[in-house]
Asks: 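My questions all concern the structure below.
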Number of protein chains: 2
Amino acid sequence: MLPKNYQLIYEIVEESGLGHHLTPSEIYALARRRRPGLGLTTVYRGLERLRDLGLVSELNVPGADAAAYEPSGPRHAHFRCKRCGTIEDVAFAIPARTLRKLAAAHGFTIDAERITFGGRCSACSA
Amino acid sequence: MLPKNYQLIYEIVEESGLGHHLTPSEIYALARRRRPGLGLTTVYRGLERLRDLGLVSELNVPGADAAAYEPSGPRHAHFRCKRCGTIEDVAFAIPARTLRKLAAAHGFTIDAERITFGGRCSACSA
DNA sequence: GACTCTACTGGGAATGACTTTCATTTTCAA
DNA sequence: TTGAAAATGAAAGTCATTCCCAGTAGAGTC
């Protein structure tokens with residue numbers, strides 16, 4: 001059974017909705033609204049646990065100063081605007097067949113895939 | 001003209017060869033062998049410049065505590081073993097046509113693409 | 001209920017990568 | 001030569017993340 005606090009952390013990430021991305025300290029701030037006295041350490045520990053359970057995904061994007069978390073959903077990529085820093089979800093994933101081929105060719109096993117694009121978002125390229 | 005120190009930093013990353021990945025502090029240590037008294041600040045500044053010039057690429061891999069640098073070469077992906085932390089190059093890139101389609105569909109421009117796989121390397125999965 | 005063992009908890013200190021600041025030095029074109 | 005702009009290094013600062021440790025809550029047992 002998941003400890004209450006980890007449950008809370010999961011709810012917060014979950015409620016943020018797909019396509020939103022929260023940093024640990026944002027999660028901390030939100031969680032303390034519902035359970036003041038909660039420690040930052042617990043948030044980090046909870047996120048680690050949830051990550052291991054596959055309930056949330058960590059996406060750390062180059063250029064961003066902190067990691068971000070989102071509820072685990074269908075595989076997708078991320079786009080980060082180099083100017084304003086916004087992160088968007090992009091519906092793109094490498095076909096499983098391709099992954100299998102790569103893994104076979106290199107002799108390793110792949111259980112995670114992270115794709116990030118960088119550039120200018122529509123607002124910033126105007 | 002590139003300042004001497006930045007040149008030195010570039011040479012170090014360059015000589016590391018494709019497929020090798022150096023952290024700023026490793027680069028710092030190597031650079032000081034040739035130019036003692038060089039400051040860590042200069043290494044960071046140099047890497048930033050070289051990155052802007054497109055001469056080196058930064059690959060920051062989730063789970064690693066520091067960023068890593070490699071000479072800019074043909075586009076490729078990286079694989080990081082979750083157990084031993086080794087980073088390998090993987091000859092894989094998303095086709096330009098696919099990138100164009102994604103960019104057009106979302107209204108942004110893509111000028112960078114970062115792909116990282118996670119899993120177990122051949123040694124660690126045995 | 002009382003007991004125990006374990007997992008969970010929070011605060012604060014520690015770590016470590018990276019950045020900022022600032023006074024000094026180098027570069028290089030005029 | 002000279003003067004502005006760029007580069008430099010030391011030290012201090014920032015900030016996300018982790019470690020440590022003593023205290024607490026919960027599940028299971030008697």
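Numbered from 1 within each chain, the chains take letters A, B, ... in sequence-line order.
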Asks: Provide a list of protein-nucleic acid N or O atom pairs under 3.5 angstrom, restricted to nucleotides 18-28 of chain D.
Replies:
none

Asks: B:E26: what forms a salt bridge (Lys or Arg N to Asp or Glu O under 4.0 Å) with it, not counting sequence neighbours?
Replies: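 So B:E26 forms no salt bridge (Lys or Arg N to Asp or Glu O under 4.0 Å) with any residue.
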Asks: For B:E88, which residues count as a salt bridge (Lys or Arg N to Asp or Glu O under 4.0 Å) partner, sequence neighbours excluded?
Replies: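 Listed in chain order: nothing, the list is empty.
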Asks: Taking only residues two or more places apart in sequence or in another chain, which ones pass side-chain hydrogen bond (donor to acceptor under 3.5 Å, both in side chains) with B:S57?
Replies: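 Partners of B:S57 by the side-chain hydrogen bond (donor to acceptor under 3.5 Å, both in side chains) criterion, ordered by chain and then number, come out as B:S72.
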Asks: In this structure, how many angstroms lie between the P atom of D:dT17 and the CG atom of A:D65, rounded?
Replies: 9 Å
Asks: Parallel, tilted or perpendicular for A:H78 and A:H76, by the 30°/60° rule?
Replies: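 Rings of A:H78 and A:H76: perpendicular, over 60°.
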Asks: Both A:T42 and B:E58 contact DNA chain C. Which one's nearest nucleotide lies toward the 5' end?
Replies: A:T42
Asks: Using whole Å, what does the distance between atom P of nucleotide D:dC15 and atom OH of A:Y28 come to?
Replies: 16 Å
Asks: Which whole-number value in Å describes the distance from A:L47 CG to D:dA16 P?
Replies: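 A:L47 atom CG is separated from D:dA16 atom P by 14 Å.
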Asks: Tell me the salt bridge (charged side-chain N to carboxylate O under 4.0 Å, His left out) pairs involving residues 106-119 of chain A, sequence neighbours left out?
Replies: A:R75-A:E113, A:D111-B:K82
Asks: Indicate every side-chain donor-acceptor pair of residues 115-126 of chain A with a distance under 3.5 Å to a residue at least two apart or in another chain.
Replies:
residue : atom : partner : partner atom : Å
A:R120  : NH1  : A:C124  : O            : 3.3
A:S125  : OG   : A:C121  : O            : 3.1
A:S125  : OG   : A:S122  : O            : 3.3

Asks: If only side-chain N and O atoms of B:N5 are considered, is one of them under 4.0 Å from the OP1 or OP2 phosphate oxygen of D:dT8?
Replies: yes
Asks: State which residues pass salt bridge (Lys or Arg N to Asp or Glu O under 4.0 Å) with A:R34; sequence neighbours excluded, sorted by chain then number.
Replies: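 Testing A:R34 for salt bridge (Lys or Arg N to Asp or Glu O under 4.0 Å), a comparison that skips the adjacent residues, returns A:E11, A:E15.
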Asks: Would you please confirm or rule out a distance under 4.0 Å between OP1 or OP2 of D:dT8 and any side-chain N or O of B:Y6?
Replies: yes
Asks: For A:R51, give me all partners under salt bridge (Lys or Arg N to Asp or Glu O under 4.0 Å), at least two apart in sequence or on another chain.
Replies: A:E58
Asks: Is B:V56 reachable from B:L38 through a run of I, L, V, M, F, W or Y residues, each pair having side-chain heavy atoms under 4.5 Å apart?
Replies: yes
Asks: Contact class for B:R49 (heavy atom, under 4.0 Å): base, sugar-phosphate, or nothing?
Replies: sugar-phosphate
Asks: Between atom CD in A:E48 and atom C1' in D:dA16, what is the gap in whole Å?
Replies: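 It works out to 15 Å between those atoms.
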Asks: So where does chain B start and stop touching DNA chain C, 5' to 3', when the test is distance under 4.0 Å to a non-hydrogen atom?
Replies: C:dA17 to C:dT27
